[in-house]
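In what follows, chains carry the letters A, B, and so on, assigned in the order in which the sequence lines appear, proteins first and then strands, with residues in each chain numbered from 1.
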Amino acid sequence: MGCSPPMKRYETHPALAGWDGTIRDARRLQVDLAARVALETPPGPALRTLAGFDVGFEDGGSITRAAAVLLDADSLQPLAEALVRVPTRMPYVPGLLSFRELPALVEALGRLPAVPDLAFVDGHGIAHPRRLGIAAHFGVATGLPCIGVAKSILCGDHGPLRDEPGAHVPLEHEGEQIGWVLRSKRACRPLVVSPGHRVSMRDALDRVVRALTRYRLPEPTRLADRLASRRAATAD
DNA sequence: GCGACAG
DNA sequence: ATCTTGTCGC
């Protein structure tokens with residue numbers, strides 16, 4: 001027989017519609033959802049709001065904390081924030097991050113006083129083995145334009161990157177560009193930026209660059225990261 | 001078979 | 001991700 005090891009089934013969630021709870025089906029679903037990712041930026045008026053999303057953990061990982069921060073797109077000043085604490089249901093499995101963190105992120109989105117025009121999600125967009133990182137999954141699940149901002153590469157390769165802030169090179173995988181490696185700050189490890197949903201490759205990079213201030217992370221991501229990790233603002 | 005592997 | 005102080009460099 002070919003199914004001796006009892007396959008584990010994790011608890012599902014509305015945000016993960018179509019998933020039967022198994023690791024194997026999660027990978028199958030990723031391929032299906034990746035086909036629904038839109039890689040064009042729809043025409044429209046200038047963005048008014050942005051939102052940053054990130055997840056952190058408490059109690060050794062038993063509690064998942066999802067943070068969402070809404071900001072004014074021009075001033076980059078925070079307008080509102082939401083924090084959700086829920087029991088962790090699945091372990092971290094490389095390539096399946098969204099099945100662990102997406103439910104909490106969607107809950108946090110629902111607690112913001114307004115829907116953002118563009119979301120910055122901590123993790124990869126299409127810069128993923130099956131082109132469905134958590135930012136792309138978040139985008140397809142919510143329908144919101146979204147960009148993935150990761151702190152390290154999951155897959156793909158790239159050429160040399162200059163140390164000047166703003167320097168960037170394409171991140172490629174299996175013959176296609178899946179994102180950008182961006183030097184957001186001098187002498188700091190570069191960020192990996194990739195389209196999540198309803199944003200073009202070029203606009204994903206431009207939007208992140210425009211949201212940078214004096215730190216390594218773009219403001220939406222930096223504020224969400226701080227809130228999710230229960231760290232306080234540095235005096236300044 | 002071996003190494004890699006977002007958060 | 002998280003456990004954790006000081007320290008080196010831009």
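- Rounded to whole Å, the distance from CZ on A/Arg85 to P on C/dA1 is 18 Å.
- For the OP1/OP2 pair of C/dA1 and a distance below 4.0 Å, the side-chain nitrogens and oxygens of A/Ser229 include no atom meeting the criterion.
- Between A/Phe138 and A/Phe53, the distance from one ring center to the other falls under 6.0 angstrom.
- For the pair A/Asp54 and A/Ala187, nearest-nucleotide mapping onto DNA chain C gives the more 5' position to A/Asp54.
- Taking atom CD on A/Glu101 and atom C1' on C/dT2, their separation rounds to 13 Å, with Å as the unit.
- When the C1' atom of B/dA6 is taken as reference, atom NE2 of A/His128 falls 8 Å away, rounded to whole Å.
- With B/dC5, C/dC10, B/dG7 as the choices, the nucleotide that has an atom nearest any side-chain atom of A/Arg186 turns out to be C/dC10.
- Atom CD of A/Glu58 and atom C1' of C/dC3 are 15 Å apart (whole Å).
- Among the heavy atoms of the strands lying under 4.0 Å from A/Gly133 is at least one base atom, whether or not backbone atoms are also near.
- With respect to the salt-bridge test (charged N to carboxylate O, under 4.0 angstrom), the residues A/Arg226 and A/Asp54 do not qualify.
- In this entry the distance linking CD1 of A/Ile178 with C1' of B/dA6 reads 11 Å, nearest Å.
- Nucleic acid contact for A/Leu96: base, since at least one base atom lies under 4.0 Å from a heavy atom of the residue.
- Under the 6.0 Å distance and 45° angle rule, A/Arg28 does not count as a cation-pi partner of A/Trp19.
- Within the nucleic acid shown, A/Gly61 has no heavy atom closer than 4.0 Å to any nucleic acid atom.
- Straight-line distance from the CZ atom of A/Arg216 to the C1' atom of C/dG9: 16 Å, rounded to whole Å.
- Within 4.0 Å (heavy atoms only), A/Ile153 reaches sugar-phosphate atoms of the nucleic acid but no base atom.
- The backbone N or O of A/Pro42 sits nowhere less than 3.5 Å from a side-chain atom of A/Arg198 that would complete a donor-acceptor pair.
- Distance from the side chain of A/Lys151 is smallest to C/dA1 among B/dA6, C/dC10, C/dA1.
- Nucleotides of DNA chain C nearest to A/Ala228 and A/Asp163 differ in position, and the one nearer the 5' end is that of A/Ala228.
- In this structure, A/His173 places its NE2 atom 12 Å from C1' of B/dC5, rounding to the nearest Å.
- What separates CG of A/Leu182 from P of B/dA6 is a distance of 19 Å, to the nearest Å.
- Side-chain contact check for A/Thr22 and A/Asp25: no donor-acceptor pair (N or O, by modelled atom type) lies under 3.5 Å.
- With its ring centre under 5.5 Å from that of the base six-membered ring and a plane angle below 30°, A/Tyr92 counts as stacked on B/dG7.
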